[in-house]
Amino acid sequence: MARRRRLPRSFYRRDPLEVAPELIGALVEHDGRRARVVEVEAYRGTDDPASHAYRGPTPRTAVMFGPPGHLYVYLSYGMHWCANVVCGVDGVAGAVLLRAAAPEHGIEVMRRARPVARRDRDLASGPAKLCQAMGIDRRHDGADLVAADRGVTVTTDGWTPPVAPATSPRIGISAAADRPWRWYLPGDPNVSARPR
DNA sequence: CCGCCGATCTTT
DNA sequence: AAGATCGGCGGG
């Protein structure tokens, strides 16, 4: 496989709906760990009732309104960290939630970070599992993925999925539940459990 | 495999 | 009071 290169700022400076499907197959890297993205969701700002940014900027969502190529990390249900890639132009809220990934490197470290995982596909098959396996938490909110200033980055090695990513409604939301803004690799065992 | 439910805390 | 989730439990 080709040598890995970091995705440039220009990659992120586009609408999340455009960036999201292109993140399928990219690699998230942190602290000796590496995983290939197999599921994402796009969130926009003031026109997206499901977005944390829907009601305008707050201390929590400040990063979503900032420059693209940074990480927006939030606490879900009071106990799980989830990570988004901030997209779009500076000042306009937009992000892509990293929902699931296939572990590629540093799997022993991931297993120590997630002792409950019985199989490799339990390591990062969900947004909070992905963060736990990769060691991403509140310290990484606002991290610059292009500069890799806190060790987290996103790269590509030229790999393209054998099949086109499929779409579906976003998981776990009640507002704007009809928008097909989730992308995933059909048949990949690391994709999170299907919604009801 | 599937469905139910509690955990835990920030934001509204 | 709800929420961009997860894992343990019980049943099929």
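For clarity, every value in this text was computed on a predicted model and none was experimentally measured. Lettering of chains follows the sequences in order, A, B, ..., and the numbering in each one begins at 1.
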Exercise. Any side-chain N or O of S51(A) less than 4.0 Å from the OP1 or OP2 oxygen of dA4(C)?
Worked result: no
Exercise. Base, sugar-phosphate, or nothing: which does R114(A) touch, judged by heavy atoms less than 4.0 Å apart?
Worked result: sugar-phosphate
For this session: Compare the ring of Y43(A) with the six-membered ring in the base of dA4(C) and state whether they stack (centres under 5.5 Å, planes under 30°).
Result: yes
Exercise. Touch check for L97(A), heavy atoms < 4.0 angstrom, all strands: base, sugar-phosphate only, or nothing?
Worked result: base
Exercise. Is it true that the NZ or CZ of R14(A) lies under 6.0 Å from the centre of F11(A)'s six-membered ring and within 45 degrees of the ring axis?
Worked result: yes
Problem set entry | Whole angstrom value for the distance that separates P of dA4(C) from OH of Y72(A) | 9 Å
For this session: Could you check how far CD of Q132(A) sits from P of dC6(C), rounded to whole Å?
Result: 9 Å
Exercise. Reckon R118(A) has a side-chain N or O less than 4.0 Å from the OP1 or OP2 of dG7(C)?
Worked result: no
Might you list the N or O atoms of the protein lying below 3.5 Å from N or O atoms in nucleotides 8-12 of chain B, with each pair's distance?
{"from": "dT8(B)", "atom 1": "O2", "to": "Y77(A)", "atom 2": "O", "distance (Å)": "2.3"}
{"from": "dC9(B)", "atom 1": "O4'", "to": "G78(A)", "atom 2": "O", "distance (Å)": "3.2"}

Exercise. If you take all heavy atoms of A95(A) and M64(A), which pair is closest and at what distance?
Worked result: CB-CE, 3.9 Å
Exercise. The side chain of M64(A) lies closest to which of these nucleotides: dC1(B), dC6(C), dA4(C)?
Worked result: dA4(C)
For this session: Show your reasoning for whether side chain to side chain donor-acceptor pair (under 3.5 Å) applies to R182(A) and S168(A).
Result: CA-CA 5 Å; R182(A) 168 178 179 251; S168(A) 86; 2.9 Å; yes
For this session: Kindly give the heavy-atom pair with the smallest separation between D122(A) and R114(A), and that separation in Å.
Result: O-NH2, 3.0 Å
For this session: Calculate the interatomic distance between E39(A) atom CD and dT5(C) atom C1'; express it in whole Å.
Result: 13 Å
For this session: Determine, using the 4.5 Å side-chain heavy-atom cutoff (strictly less than), whether V40(A) and L17(A) are members of one ILVMFWY cluster.
Result: yes
Exercise. Counting any heavy atom closer than 4.0 Å, what does A50(A) reach on the DNA or RNA strands: base, sugar-phosphate only, or nothing?
Worked result: base
Exercise. In Watson-Crick or G-U wobble terms, both distances under 3.5 Å, what is the partner of dA4(C)?
Worked result: none
Exercise. H52(A) pairs by side chain to side chain contact (heavy atoms under 4.5 Å, CB included) with which of T58(A), N84(A), T61(A)?
Worked result: T61(A)
Problem set entry | Heavy-atom closest pair, residues I24(A) and E39(A) | CD1-N, 3.7 Å
Exercise. CD1 of I173(A) versus C1' of dA2(C): gap in Å, rounded?
Worked result: 15 Å
Problem set entry | Nearest-Å distance for atom pair NZ/C1', residues K129(A) and dG8(C) | 13 Å
